[in-house]
Asks: 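The structure follows.
The figures that follow rest on heavy atoms only: side chains count, while hydrogens, waters and symmetry mates do not. These numbers were taken from a predicted model, which means no experiment stands behind them.
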Amino acid sequence: MVRYLLDQGSDRVHVLSRDEAKQDQMRHDLGDNRIRYFLGDVRDYDSIRAAMLGVTHVFHAAALKQVPSAEFFPMQAVKTNVTGSENVVKAAEEVGVESVVCLSTDKAVYPVNAMGMTKALMEKVAQSHGLENPQAKTVVSCVRYGNVLYSRGSVVPLFINQLKAGKKITVTDPDMTRFMMSLDQSVDLVHYAMNNAEQGDLFIRKVPSCTIGTLAAAVCELFERVPDMNIIGTRHGEKLSEQLATREELARAVDHGDYFRVTADKRQLDYTPFFEEGSKTVNTYEDYDSHTARHMDVEETKDLLLSLPEIQRERKNWGLA
Ligand SMILES: O=c1ccn([C@@H]2O[C@H](COP(=O)(O)OP(=O)(O)O[C@H]3O[C@H](CO)[C@H](O)[C@H](O)[C@H]3O)[C@@H](O)[C@H]2O)c(=O)[nH]1
């Protein structure tokens, strides 16, 4: 995202994060004096406020996002993902930021684990900003992703390391499905939200899904290995499929081609519509689910993987490109 903003000609980019080592790495990798680094934490209001002074747009990606760790430490996830997000929104409003885009996940839809539950609450915090403050100056929106291929700690680099070590690849359930997108597609989504959001909007990028069996086969073919899988079974807090949008959200969504724009539910706190008035339109929609979405086959999954610079680099290192 930072690279993208610099390429687009931003005068200044402020980076706020907790990890000085990662900031140092970034300083070396990007070496651009338009970036200013701030050490801080979304749990610490003053640190966010200080980083936001003079800023027009905020991309809020700070999160505890590992499913297992949030299961063991749910209140830590609440502090960062929920209270931290509230701090971000409040500080942005206080200093007069034009827009905040909050990054969410498909795991926030019908959540079964603490990570998804806290991200779902983050979305509610973002949406309530405009509802609670009709005069709000800062537009707050959310974007919802599926799995970003090759993101840190995710399954594709894991499969590649297992192949490299000559081990069997560990597959939870070959029939499990996930929405797959590239980092570039996720950056496009944030950019789209930044340019098009109205108060409380939620943007979803339409992407295909695939089974984990297909993903594993695609990785093995790209690295010219015969698939040798160890089926380990579903991990703690995992769903068989993910949903990018509920049917209620789709019923009020505007189709923007590559994206859905789900507008905020702007009803007032009047219980009548919740109890007595339903919506027949909702009945005609299905959830946007990775089981029923268009599935990529092995060839299409390979093409998507091959578009990633990390895969190209790995294949080169393996003498395959
Ligand atoms: O050894 C493994 C590890 C994972 N998987 C499977 O591969 C798929 C993807 O697993 P990841 O660990 O890469 O990703 P998750 O779906 O668990 O979660 C990730 O994607 C989410 C979006 O849904 C969030 O962004 C979250 O923070 C991020 O970790 C899952 O079906 C999982 O069961 C395996 O088959 N074998």
Asks: Please step through salt bridge (Lys or Arg N to Asp or Glu O under 4.0 Å) for the pair Arg49 and Asp46, ending with a clear verdict.
Replies: CA-CA 5 Å; Arg49 192 181 174 286; Asp46 290 343; over 6 Å; no

Asks: What heavy-atom pair brings Ala61 and Leu103 nearest, and what distance separates the two atoms?
Replies: CB-CD2, 3.7 Å

Asks: Could you tell me whether a side-chain N or O of Arg252 sits under 3.5 Å from a main-chain N or O of Thr263, the two making a donor and an acceptor?
Replies: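 Pair found, side chain donor or acceptor close to backbone of Thr263.
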
Asks: Is a side-chain N or O of Asn87 found less than 3.5 angstrom from the main chain of Val42, in a donor-acceptor match?
Replies: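 Such a contact is found between Asn87 side chain and Val42 backbone.
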
Asks: Establish whether Leu6 and Val101 are linked, either directly or via other cluster members, by ILVMFWY side-chain heavy-atom contacts under 4.5 Å.
Replies: yes

Asks: Walk me through it: do Tyr288 and Phe179 pass the test ring-ring contact (aromatic ring centres under 6.0 Å, His included)?
Replies: CA-CA 10 Å; Tyr288 185 16; Phe179 289 105; 5.0 Å; yes

Asks: So, do Leu183 and Leu308 sit near enough that their side-chain heavy atoms are less than 4.5 Å apart?
Replies: no

Asks: Give a yes or no answer on whether the side chain of Gln199 reaches the backbone of Thr138 with a donor-acceptor pair at less than 3.5 Å.
Replies: yes

Asks: At what distance, to the nearest 0.5 angstrom, does CG of Asp29 lie from CZ of Arg27?
Replies: 11.5 Å

Asks: Hey, what do you get for CH2 (Trp318) to CG (Leu163), rounding to the nearest 0.5 Å?
Replies: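 The distance works out to 5.0 Å.
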
Asks: Any side-chain heavy atom of Leu121 sitting closer than 4.5 Å to one from Met117?
Replies: no

Asks: Using the rule given for salt bridge (Lys or Arg N to Asp or Glu O under 4.0 Å), can you reason through Glu249 versus Arg144, listing the C-alpha separation, both sets of side-chain angles and the distance that settles it, and then say yes or no?
Replies: CA-CA 12 Å; Glu249 288 168 337; Arg144 223 186 250 159; 2.8 Å; yes

Asks: Where the side chain of Glu242 meets the backbone of Thr177, is there a donor-acceptor pair that is under 3.5 Å apart?
Replies: no

Asks: Hey, could you give me the CG/CZ distance between Leu189 and Arg205, rounded to the nearest 0.5 Å?
Replies: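 With rounding to 0.5 Å, CG (Leu189) is 7.5 Å from CZ (Arg205).
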
Asks: Looking at CG of Asp287 and OG1 of Thr292, how far apart are the two atoms once the value is rounded to the nearest 0.5 Å?
Replies: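 So the CG of Asp287 and the OG1 of Thr292 are separated by 8.0 Å.
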
Asks: Would you sort out whether Lys90 and Glu86 count as a salt bridge (Lys or Arg N to Asp or Glu O under 4.0 Å), showing the intermediate values?
Replies: CA-CA 6 Å; Lys90 279 195 172 151; Glu86 186 191 23; 3.3 Å; yes

Asks: Give a yes or no answer on whether the side chain of Arg294 reaches the backbone of Pro208 with a donor-acceptor pair at less than 3.5 Å.
Replies: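 No, because the side chain of Arg294 does not come within donor-acceptor range (under 3.5 Å) of the backbone of Pro208.
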
Asks: Would you say the side-chain atoms of Gln312 pair up with the backbone N or O of Leu306, donor to acceptor, closer than 3.5 Å?
Replies: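 Yes; judged by distance alone, with no hydrogens or angles, the pair exists.
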
Asks: Do the charged groups of Lys206 and Asp255 touch, with an N to O distance under 4.0 Å?
Replies: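 So Lys206 pairs with Asp255 through a salt bridge.
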
Asks: Is it true that Ser85 and His60 share a donor-acceptor pair across their side chains at a distance under 3.5 Å?
Replies: yes

Asks: Taking the six-membered ring for Trp, are His256 and Tyr192 parallel (under 30°), tilted (30 to 60°) or perpendicular (over 60°)?
Replies: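 Perpendicular, since the angle between the ring planes exceeds 60°.
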
Asks: Taking Pro68's backbone N and O only, do any of them form a donor-acceptor pair with Asn113's side chain (distance below 3.5 Å, no angle check)?
Replies: no

Asks: Taking the side chain as every heavy atom from C-beta outward, state whether Ile212 and Asp173 have any atom pair closer than 4.5 Å.
Replies: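 Answer no - side chains too far apart.
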
Asks: Give a yes or no on whether Leu305 and Leu158 share a hydrophobic cluster (residues Ile, Leu, Val, Met, Phe, Trp, Tyr; joining criterion: side-chain heavy atoms under 4.5 Å apart).
Replies: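 No, no single cluster joins them.
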
Asks: So do Arg36 and Arg12 actually touch side chain to side chain, heavy atoms under 4.5 Å?
Replies: yes

Asks: Which distance, rounded to the nearest 0.5 Å, do you find between the CG of Leu202 and the OG of Ser104?
Replies: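 Output value for this atom pair is 7.5 Å.
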
Asks: Verify, without hydrogens or angle tests, whether Asp41 (side chain) and Arg43 (backbone) share a donor-acceptor contact under 3.5 angstrom.
Replies: yes

Asks: To the nearest 0.5 Å, tell me how far Leu244 CG sits from Met181 CE.
Replies: 8.0 Å

Asks: Do any N or O atoms from the side chain of Arg34 and from the backbone of Asp32 form a donor-acceptor pair under 3.5 angstrom?
Replies: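 Judged by distance alone, no pair lies under 3.5 Å.
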
Asks: Given side chains that start at C-beta, do those of Pro174 and Ile231 come closer than 4.5 Å, heavy atoms only?
Replies: yes

Asks: Backbone N or O of Gln243 within a donor-acceptor pair of the His291 side chain at under 3.5 Å?
Replies: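 No.
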
